[in-house]
Amino acid sequence: MSDRQQQRSGPDRPAQQNLERLIAGRREKLERLTEQGVEPYPYAYDRSHTSTEIRAQEQSLTTAGTRVRYAGRIMAKRGTGKTLFVPIQDDAGQIQAYFRKDDLGVERFKQIQKLVDIGDWIGVEGSVFRTKSNELSIAVEDFTFLAKSIRPLPEKYHELSLEVRSRQRYLDLIMNQPTRERFRLRAAILAEVRAFFATEDFLEVETPVLQPLYGGATALPFTTHHNALDMRLYLRIADELYLKRLIIGGLEKVYEIAKDFRNEGMDRTHNPEFTMLECYAAYWDYHDMLDLTERLLRRLAERFGRAGQVPYGEQTLDFTQPFARVRFLDALAERLGCDPLALDDDALAELARKHDIETGPGKGRDKLLDELFGRLVEPTLIQPTFVLDHPQELSPLAKAHRSETGLVERFELFACGFELANAFSELNDAHEQRARFAAQQALQRAGDAEAQPLDEDFLQALEYGMPPTAGLGVGFDRVIMLLTDSHNIRDVLLFPHLRPEPHQEQPSDARGDQPE
RNA sequence: GCGCCGCUAGCUCAAUUGGCAGAGCAACUGACUCUUAAUCAGUAGGUUCGGGGUUCGAUUCCCUGGCGGCGUACCA
């Protein structure tokens, strides 16, 4: 190790010399601790109380004079000569440790004063008390070194950049209590969703991530390769076609919460891998599913908002009343000021171009209507709103509308200007489904790369008969964004997708992936 | 993808018209027995993201590559 410290003219980048010095200094302290007989990386520490428990039990702990054993990361050191105040952070918060030279002796005090750094892990043992300035503290009688941090923590009173927060999430978690709270909340919301589906009698299932053919959504997949079978596989873009196979199998109510993968752009509401909630119920139509969606969102808003009101930026979203409902074409007509169905193809294309939407082969009428809707209507849907009855071409897996030709029985839920959920009465006529797939293939030939492929295996399953069924997909990360007042999906993903840093080179002998 | 903006010490940020690259925190040395952004005195820390160009001289201007932010497009 000392050889490396002496290495001045090596390949190390000069810009890192200062950091190297800081690290070398901490390694040196580690060596000196070891020389003094301190085990630098012990195997366990038997703590008696967490910070939460100490705060909750302060009264009894102080009156009884109980010795507590508390552990965590050192977040600061404030020395006043022969005493030292050290805030120690555990999972839930911080408790200040109070070291006195007179209590610990010269050598032990010198260890904590000189050889222990901000960022190190430590266990302290002593009694709980309040300082003169009324700070809850532990008067340390003994301490145990638990682990060394050889890199300096970020500076303490400025925010980390979004990049550092995302790329080095552990630093964000160390430095920012709200980040910890946000991810605890995410876990609580997930648990609440599972509890909801349990009360609704849904069965939680798991379906394949690696699929021989992708389907169930309009999106581009990630491709990989299975060596043993020497075959191309796709990471799923949706769970839909497998969950429907389960409905066909007679599991009447199923749901899955899992990662889907879409090989598309990233922005504040999109990450290449994201968590999707999908559920399917036999004998239901999309009206039943709409009711379930409203029950779910209302329950989450009541549990995690303020009595069903959810603050989001400047807005407050109200989930207590029945959500607004608007038909797709009506909403679009209102924004356009004319009936889009009354326009001929040329007029529609011109209208699209007027709103900066590309036209051309592979973009049918319905696709243009959808893009116009996305451009003109979606951003205006702040309060929770159901949009119903979409054009058929956009929804090759949805059942035709029972009374409106050219439309399907479908709804999307919007809030905060983005889509939260998508559902339909599922198409269960195998013959019709085959025709819809054929239409998708025609679109694909015309240049629509996202058109859905024909899934012969799924069609075979469907030919055994699927009962009337409604299905729902919910962008779970977006629900988390909504309920935690987060405005970038990266804030609700512990490890959002980022470009690798230049020094993180990929192994050149990587196997399994097939370059596309 | 495209457009705009950014990248300076471990972290957060300065630097006049192109003229010696600075501060706070962190680190190091010392003082201090109730601090809490502890305080006080001092020290050290830089290939200004990489490469190229213009110039007597580039953190600054130009080109190019990398990464990031915001906007925009497709999608949950």
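Throughout, a chain's letter reflects where its sequence line sits, starting with A, and its residues are numbered from 1.
- The nearest whole Å value for the distance from the CG atom in A:Leu22 to the P atom in B:C28 is 9 Å.
- If you measure from atom CD1 of A:Ile118 to atom C1' of B:G10, you get 13 Å, rounded to the nearest angstrom.
- Remark: B:U47 base-pairs with no nucleotide; criterion is Watson-Crick or G-U wobble with both hydrogen-bond distances under 3.5 Å.
- Computed from coordinates, the A:Asn263 CG to B:G1 C1' distance equals 13 Å when rounded to whole Å.
- As rounded to whole Å, 14 Å separates atom C1' of B:G1 from atom CE of A:Met266.
- The nearest whole Å value for the distance from the CD atom in A:Glu371 to the P atom in B:C75 is 6 Å.
- Comparing B:C70, B:U29, B:U35 by their closest approach to the side chain of A:Asn488 singles out B:C70.
- Relative to the six-membered ring of A:Phe143, A:Arg108 meets both conditions, a distance below 6.0 Å and an angle of at most 45° to the axis.
- Nearest-nucleotide positions on RNA chain B place A:Pro154 closer to the 5' end than the other of A:Thr83 and A:Pro154.
- Residue contacts for A:Glu419: at a heavy-atom cut-off of 4.0 Å it reaches the sugar-phosphate backbone alone, with no base atom in range.
- Taking a pair to require two hydrogen-bonding distances under 3.5 Å in either a Watson-Crick or a G-U wobble arrangement, B:U16 remains unpaired.
- One can place CD of A:Glu163 at 11 Å from P of B:C11, the figure rounded to the nearest angstrom.
- B:C75 has its base stacked against the ring of A:His270, the centroids being under 5.5 angstrom apart at an interplanar angle below 30°.
- At a cut-off of 3.5 angstrom, the base of B:G24 holds at least one donor-acceptor pair with the side chain of A:Glu155.
- Across all strands shown, A:Arg375 has heavy atoms under 4.0 Å from sugar-phosphate atoms exclusively, and none from any base.
- At the heavy-atom level, A:Lys77 lies nowhere under 4.0 Å from the strands shown.
- Within the nucleic acid shown, A:Phe418 has no heavy atom closer than 4.0 Å to any nucleic acid atom.
- At a cut-off of 3.5 angstrom, counting only N and O atoms as typed in the model, there is a donor on one side and an acceptor on the other between the side-chain of A:Thr131 and the base of B:U35.
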Practice task
Test side chain to side chain contact (heavy atoms under 4.5 Å, CB included) on A:Leu136 and A:Gln96 and set out the steps.
Solution key: CA-CA 7 Å; A:Leu136 183 61; A:Gln96 172 177 274; over 6 Å; no

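- If you check every strand for non-hydrogen atoms under 4.0 Å, A:Thr275 touches nothing.
- Nucleotide B:G68: paired with B:C5 (Watson-Crick or G-U wobble, both distances less than 3.5 Å).
- At the heavy-atom level, A:Asp267 lies under 4.0 Å from base atoms of the strands shown.
- At the heavy-atom level, A:Gly81 lies under 4.0 Å from base atoms of the strands shown.
- Counting atom types as modelled, A:Asn18 pairs no side-chain N or O with a base atom of B:G46 as donor and acceptor under 3.5 Å.
- Among the atoms of the strands shown, base atoms are found under 4.0 Å from some heavy atom of A:Gly79.
- Nearest nucleotide to the side chain of A:Glu135, out of B:U35, B:G10, B:U29: B:U35.
- Atom CZ of A:Arg295 has more than 12 heavy atoms from other residues, nucleotides or ligands within 6.0 Å.
- The partner of B:U35 is absent, by the rule that a Watson-Crick or G-U pair needs both atom distances under 3.5 Å.
- No more than 12 heavy atoms of other residues, nucleotides or ligands sit less than 6.0 Å from atom CZ of A:Arg151.
- Both stacking criteria are satisfied for A:Phe274 over the base of B:A76: a centre-to-centre distance under 5.5 angstrom and an angle between ring planes under 30 degrees.
- In this structure, the side chains of A:Leu413 and A:Glu294 stay at 4.5 Å or more apart for every pair of heavy atoms.
- As judged by a 4.0 angstrom heavy-atom cut-off over every strand, A:Lys259 is placed among residues making no nucleic acid contact.
- Side-chain contact of A:Tyr280 with A:Glu278: a donor-acceptor pair under 3.5 Å is present, judged by distance alone.
- Side-chain atoms of A:Glu159 and base atoms of B:U12 include no donor and acceptor less than 3.5 Å apart.
- In this entry B:C25 has B:G10 as its Watson-Crick or G-U wobble partner, both defining distances falling under 3.5 Å.
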